[in-house]
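For the single chain, residues carry numbers from 1 onward in sequence order. Every heavy atom of this structure was used, including side-chain atoms; hydrogens, water molecules and symmetry mates were not.
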Amino acid sequence: MTVSRLYLDVDGVLNPYLSPMELPAVWPDFREGFLGRRLAVWSPSLLTAIGQLEVELVWVTTWGSVAEEAFGPEIGYRWPRRSLDLASSSLGTAGPKASAIADDLRGDPAPFVWVDDDAITPGAVDQLAAFGQPMLTISPDRRTGLEPRHVRQIADHLQAVSP
């Protein structure tokens, strides 16, 4: 059985771009504080909701493996997770994130969801659609990040593509 993947960015998705002490209202428990050595804004409810999705979580972020160290404990460890190395991926025509995901899919195709606030472009979508896998892309507003409706979209998509 092939498990779907969730390719997940951090900044603008889990960590909205905000002014100090400005917390979005899309989740009831947003907080601001340090995760590792980085100041971040995040919602434990959002992280719990992601942890309940039946996916392999793949970090596609400049945070690298620090994303797992910072957010992983609140997401939980129910499903496998790993990080893509953006530094070693080719730039391609759609940027390093799309190229890293393409390299990953080339090695092991699977249905997927990609969530990123700014790297999902028409060229990136075309590049990844060429793999012929069921896919969903979500580009949340970077000032609010991933919202409950997005998590429902992801869950619905995963249910629709599950064998």
| Is the shortest heavy-atom distance from the side chain of Phe131 to the side chain of Pro109 under 4.5 Å? | no
| request: To the nearest 0.5 Å, tell me how far Met135 CE sits from Ser4 OG. | output: 13.0 Å
| Would you say Leu18 and Leu47 are hydrophobically clustered, going by side-chain heavy atoms of ILVMFWY under 4.5 Å? | yes
| field | Check: Gly64 main-chain N/O paired with Ser83 side-chain donor or acceptor under 3.5 Å | value | yes
| message | On a heavy-atom basis, which atom in Ala40 and which in Asn15 lie closest, and how many Å separate them? | response | CA-OD1, 3.4 Å
| Sub-4.5 Å side-chain heavy-atom contact between Val3 and Glu54 | no
| Smallest separation among heavy atoms of His150 and Pro140, with atom names | CE1-CB, 3.9 Å
| Which atom of Thr144 lies closest to which atom of Phe30, heavy atoms considered | O-CZ, 4.0 Å
| request: Go through the steps to decide whether Val41 and Arg31 satisfy the test side-chain contact (heavy atoms from CB on, under 4.5 Å), and finish with yes or no. | output: CA-CA 6 Å; Val41 173; Arg31 59 181 63 161; over 6 Å; no
| Which one of Leu14, Asp29, Val26, Ile75 satisfies the side-chain contact (heavy atoms from CB on, under 4.5 Å) criterion with Leu46? | Leu14
| query | Where is the tightest heavy-atom contact between Leu136 and Gln153, given as atom of each residue plus distance? | reply | CD2-O, 3.8 Å
| Between Asp11 and Tyr17, is any pair of side-chain heavy atoms under 4.5 Å apart? | yes
| Under 4.0 Å between a Lys/Arg side-chain N and an Asp/Glu carboxylate O for Arg143 and Asp117? | no
| Between Glu56 and Arg82, is the closest basic N to carboxylate O distance under 4.0 Å? | yes
| request: Determine, stepwise, if the pair Arg142 / Asp116 fulfils salt bridge (charged side-chain N to carboxylate O under 4.0 Å, His left out). | output: CA-CA 9 Å; Arg142 63 186 4 199; Asp116 195 290; over 6 Å; no
| message | For the CZ atom of Arg81 and the CD1 atom of Ile50, what is their distance to the nearest 0.5 Å? | response | 9.5 Å
| request: Test Thr61 against every option in Leu84, Val10, Val66 by the side-chain contact (heavy atoms from CB on, under 4.5 Å) rule and name the one that passes. | output: Val10
| query | If we only count heavy atoms from C-beta on, is the Ile120 to Lys97 side-chain gap below 4.5 Å? | reply | no
| Closest approach of Ala110 to Leu105 (non-hydrogen atoms, all atoms of both residues) | O-CD2, 3.7 Å
| task | Output the distance between atom OG (Ser99) and atom CZ (Arg106), rounded to the nearest 0.5 Å. | result | 8.5 Å
| Identified side-chain contact (heavy atoms from CB on, under 4.5 Å) partner of Leu8 from the options Val13, Ile154, Val55, Val60 | Val13
| query | Considering only heavy atoms from C-beta outward, does the side chain of Val58 approach that of Leu6 to under 4.5 Å? | reply | no
| query | Charged N to carboxylate O under 4.0 angstrom, Arg5 versus Asp108? | reply | yes
| message | Between Ile101 and Val125, is there shared hydrophobic-cluster membership here, with clusters defined by ILVMFWY side-chain heavy atoms closer than 4.5 Å? | response | yes
| request: Flag the pair Trp59 / Tyr7 as yes when their ring centroid distance falls below 6.0 Å, and as no otherwise. | output: no
| said: Can you tell me how far apart CH2 (Trp63) and CD (Glu68) are? Round to the nearest 0.5 Å. | reply: 12.5 Å
| For Trp42 and Gly33, which heavy atoms make the closest approach, and how far apart are they? | CZ3-N, 3.5 Å
